[in-house]
Amino acid sequence: MFLALREMKHAKMRYVLIGLIMVLISFLVLFVSGLAKGLASDNASSIQTMTADYVVLDKQSDQRLNRSELTNEQLKELLRLTHKKQMTEFGLQMTTIQKNGASKKTDSTLFAVDPKGFIAPPAAEGQSLKGADKNETVGDLSLKEEGFVIGDRLKEETTGTVLKLVGFTKNQSFSHSPVFHVSLKTWEAMHDGKQSVNAVALKADSEKAKQIEKQVSGVEMISKNDALKSIPGFKEEQGSLLMMIAFLFVIAAFVLSVFFYVITLQKVNQFGVLKAIGAQSGYLSRTVLYQVLFLTIVSLVVSILLTFTVSQLLPASMPFLLNVPLVAGCSVLFLTVSVIGSLISLYQVIKIDAIEAIGRAS
Amino acid sequence: MENKLMLQDVKKTFGDGDQQVEVLKGITLEVKTGEFVAVVGPSGSGKSTFLSVAGALLSPTSGRIMIGNQDISTLGTKELNQIRLKYIGFVFQSANLIPYLTVRDQLLLLPELEHQKHKEAEKIADSLLERLGLLHRKNHYPEQLSGGERQRTAIARAWMNDPEIILADEPTASLDSERGRSVVQMLADEVKLREKAAIMVTHDQRMLDLCDRVVYMEDGRLMSHPSVL
Ligand SMILES: Nc1ncnc2c1ncn2[C@@H]1O[C@H](COP(=O)(O)OP(=O)(O)OP(=O)(O)O)[C@@H](O)[C@H]1O
Ligand SMILES: [Mg+2]
């Protein structure tokens with residue numbers, strides 16, 4: 001610490017500049033991570049917020065929720081194998097909704113759930129779904145910004161059914177469209193009793209899930225994460241953003257390691273003197289490490305503050321989500337990466353010989 | 001009188017195979033408490049190498065080196081580091097101060113390396129700086145000092161860890177003769193005052209009267225009289 005802090009104080013400009021670069025890179029990391037998270041949630045929060053472990057699909061569905069269709073027999077089998085409270089079936093359909101009397105159409109996804117099941121969304125405003133009541137629906141809060149109000153009558157395009165909006169829910173979207181929830185009974189009535197459900201949400205450990213998959217013919221068991229990935233566009237979006245984040249981490253490691261490598265090269269003579277007067281390699285390596293950590297931590301704090309400030313200024317429609325675990329995760333990864341980046345310099349420091357200080361070398 | 005430093009038939013060879021150069025060809029020297037020894041000799045004769053070996057910066061190829069009562073000829077890198085920290089003070093040819101430390105911090109670095117208490121160390125540092133006439137410069141960086149001030153700071157630093165012996169390699173090379181002389185005078189005074197010992201390599205004949213003894217290095221051998229006059 002003695003040397004680390006004094007040196008940074010003396011060569012302020014140098015360290016401020018490199019700190020600035022680190023701030024920019026870590027800001028970009030946090031920002032892109034927030035964006036990825038925001039997009040994920042904007043894309044598929046209906047699935048993300050489901051308190052299920054597995055989703056049971058029809059084997060021919062290619063792991064696509066919207067292509068899957070479960071038969072009554074399969075449902076009965078499933079019910080036989082698990083507790084009623086551990087599973088709940090649901091249906092979904094991409095559709096457009098039109099406010100009665102208005103000409104504007106809104107793309108949305110219709111989710112049919114058991115109002116008493118564990119994936120039924122609680123109401124954030126108004127009422128939640130009830131089992132018996134027919135032709136009632138609750139919609140995602142983002143619809144409110146688009147001019148929908150409780151009590152609106154909404155026409156669903158494919159069936160022509162008119163639904164009454166009784167409440168708003170939080171974080172319910174699918175494939176970047178807001179979700180309307182209806183009860184399974186309404187869903188059946190909308191389709192004259194002909195429409196079956198798409199899938200079953202299941203709470204189970206992997207052992208049990210495997211067992212069920214084996215015993216029920218024609219079903220496939222996928223984890224909630226895989227279900228997310230199978231939503232159209234989800235994997236591609238997240239993949240490209242993740243790629244950017246990974247590259248940013250690599251860049252951060254390189255920038256730091258080149259910077260400290262060059263600085264260490266410049267200081268070979270100095271380190272020689274220090275070793276000559278009795279400093280151990282360990283002490284000098286720690287000095288370099290303190291500087292790396294100090295620089296990284298300060299840059300991280302600045303960029304976290306910056307990111308939160310910027311996120312306040314973003315328009316509400318921009319999908320951006322930054323929470324404590326995400327920031328903490330990025331920070332830890334950033335610290336690790338910077339320590340890895342400093343390894344070459346540490347090796348340099350250890351290699352330097354005290355004899356550099358005397359006679360010839362000076 | 002007790003020996004501060006003793007070298008017995010010390011040899012140092014550089015390189016290996018055909019490239020071998022024997023730079024020190026059997027050096028024997030005793031330096032007693034309170035003694036200030038000057039080493040003179042032509043360039044390339046092995047003076048710096050001798051100083052490095054005596055100062056535990058280089059291990060000898062053969063021979064015995066005693067600092068105080070301790071035989072250091074067989075110690076490893078880490079132990080040699082400790083020996084240098086505790087028993088030896090170096091003054092290098094170009095002061096070799098740490099550019100980002102103030103004069104006072106140059107001295108405080110040593111107790112820091114020894115994990116010693118700062119309060120006492122600060123007192124010692126201040127009194128050293130006062131004796132060497134540097135107190136008014138204590139918060140200055142090396143770049144703000146004159147050559148003589150830098151060299152005096154280096155001497156103060158060498159004394160800071162209360163070493164048994166000071167090794168100085170041409171400490172006056174970058175100074176004019178007047179400043180150089182006062183720097184050497186200071187070194188001599190400190191040696192007497194603290195009952196320590198010092199070896200100084202120098203090219204400057206005018207400094208020799210300040211030393212108790214002059215030895216001559218010629219082609220890797222030490223002699224008490226120059227072979228050619
Ligand atoms: N690491 C080394 N490898 C090979 N040869 C070396 C090494 N160090 C020193 N030498 C050789 O040892 C000889 C003595 O070098 P040294 O630096 O001790 O001379 P010196 O007496 O201090 O000279 P000067 O007065 O010019 O400083 C030189 O010929 C030098 O080339
Ligand atoms: Mg020399």
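Hydrogens, waters and symmetry mates are skipped; everything else that's a heavy atom, side chains included, is used. Quantities reported herein were computed from a predicted structural model and do not represent experimental measurements. By convention in this document, chain letters (A, B, ...) are assigned in the order of the sequence lines, proteins followed by strands, and residues within each chain are numbered from 1.
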Check residues 30-38 of chain A and write down every donor-acceptor pair under 3.5 Å in which the side-chain atom is one partner and the other belongs to a residue at least two apart or another chain.
{"residue": "A:S33", "atom": "OG", "partner": "A:V29", "partner atom": "O", "Å": "2.7"}

Practice prompt. Would you give the length of the straight line joining atom CE of A:M8 to atom OH of B:Y100, rounded to the nearest 0.5 angstrom?
Written response: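 Between atom CE of A:M8 and atom OH of B:Y100 there are 10.5 Å.
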
Discussion item. So, taking the atom named CG in A:N269 and the one named CZ in B:F92, what distance separates them when rounded to the nearest 0.5 Å?
Written reply: 9.5 Å

Worksheet item: What pair of heavy atoms forms the shortest contact from A:A354 to B:R84, and how long is it?
Response: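 For A:A354 and B:R84, the tightest heavy-atom pair comes out as CB-NH2, 3.7 Å.
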
Practice prompt. Looking only at non-hydrogen atoms, find the nearest pair between A:A276 and B:F90 and report the distance.
Written response: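 Shortest heavy-atom contact: O-CE1, 3.4 Å.
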
Discussion item. Between B:H115 and chain A, with a heavy-atom cut-off of 4.5 Å, which part of the residue counts as in contact: side chain, backbone, both or neither?
Written reply: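 Neither the backbone nor the side chain of B:H115 comes within 4.5 Å of chain A.
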
Worksheet entry | Inter-chain contacts: residues 75-83 of chain B against chain A, heavy atoms under 4.5 Å |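 Within residues 75-83 of chain B, the residues under 4.5 Å from chain A are B:K78, B:N81, B:Q82.
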
List the atom pairs, with distances to 0.1 Å, where a side-chain N or O of residues 105-113 of chain B and a protein N or O form a donor-acceptor pair under 3.5 Å, not counting sequence neighbours.
{"residue": "B:D105", "atom": "OD2", "partner": "A:R6", "partner atom": "NE", "Å": "2.8"}
{"residue": "B:D105", "atom": "OD2", "partner": "B:T102", "partner atom": "OG1", "Å": "3.4"}
{"residue": "B:Q106", "atom": "OE1", "partner": "B:I98", "partner atom": "N", "Å": "3.0"}
{"residue": "B:Q106", "atom": "NE2", "partner": "B:I98", "partner atom": "O", "Å": "2.6"}
{"residue": "B:Q106", "atom": "NE2", "partner": "B:L101", "partner atom": "O", "Å": "3.0"}
{"residue": "B:E112", "atom": "OE2", "partner": "A:Y283", "partner atom": "OH", "Å": "2.8"}

Does [X] have more than 12 heavy atoms from other residues, nucleotides or ligands lying within 6.0 Å of its [atom1]?
X	atom1	answer
A:F254	CZ	no
A:Y261	OH	no
B:E143	CD	yes
A:M243	CE	no
B:D176	CG	yes
B:D162	CG	yes

Fill in: Partner chain A: residue of B:P99, B:G55, B:G89 with the largest heavy-atom pair count (under 4.5 Å)
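Top option by heavy-atom pairs under 4.5 Å: B:P99.
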
Donor-acceptor list for residues 11-25 of chain A side chains, cut-off 3.5 Å, not counting sequence neighbours:
{"residue": "A:R14", "atom": "NH2", "partner": "A:Q266", "partner atom": "OE1", "Å": "3.3"}
{"residue": "A:Y15", "atom": "OH", "partner": "A:E7", "partner atom": "OE2", "Å": "3.4"}

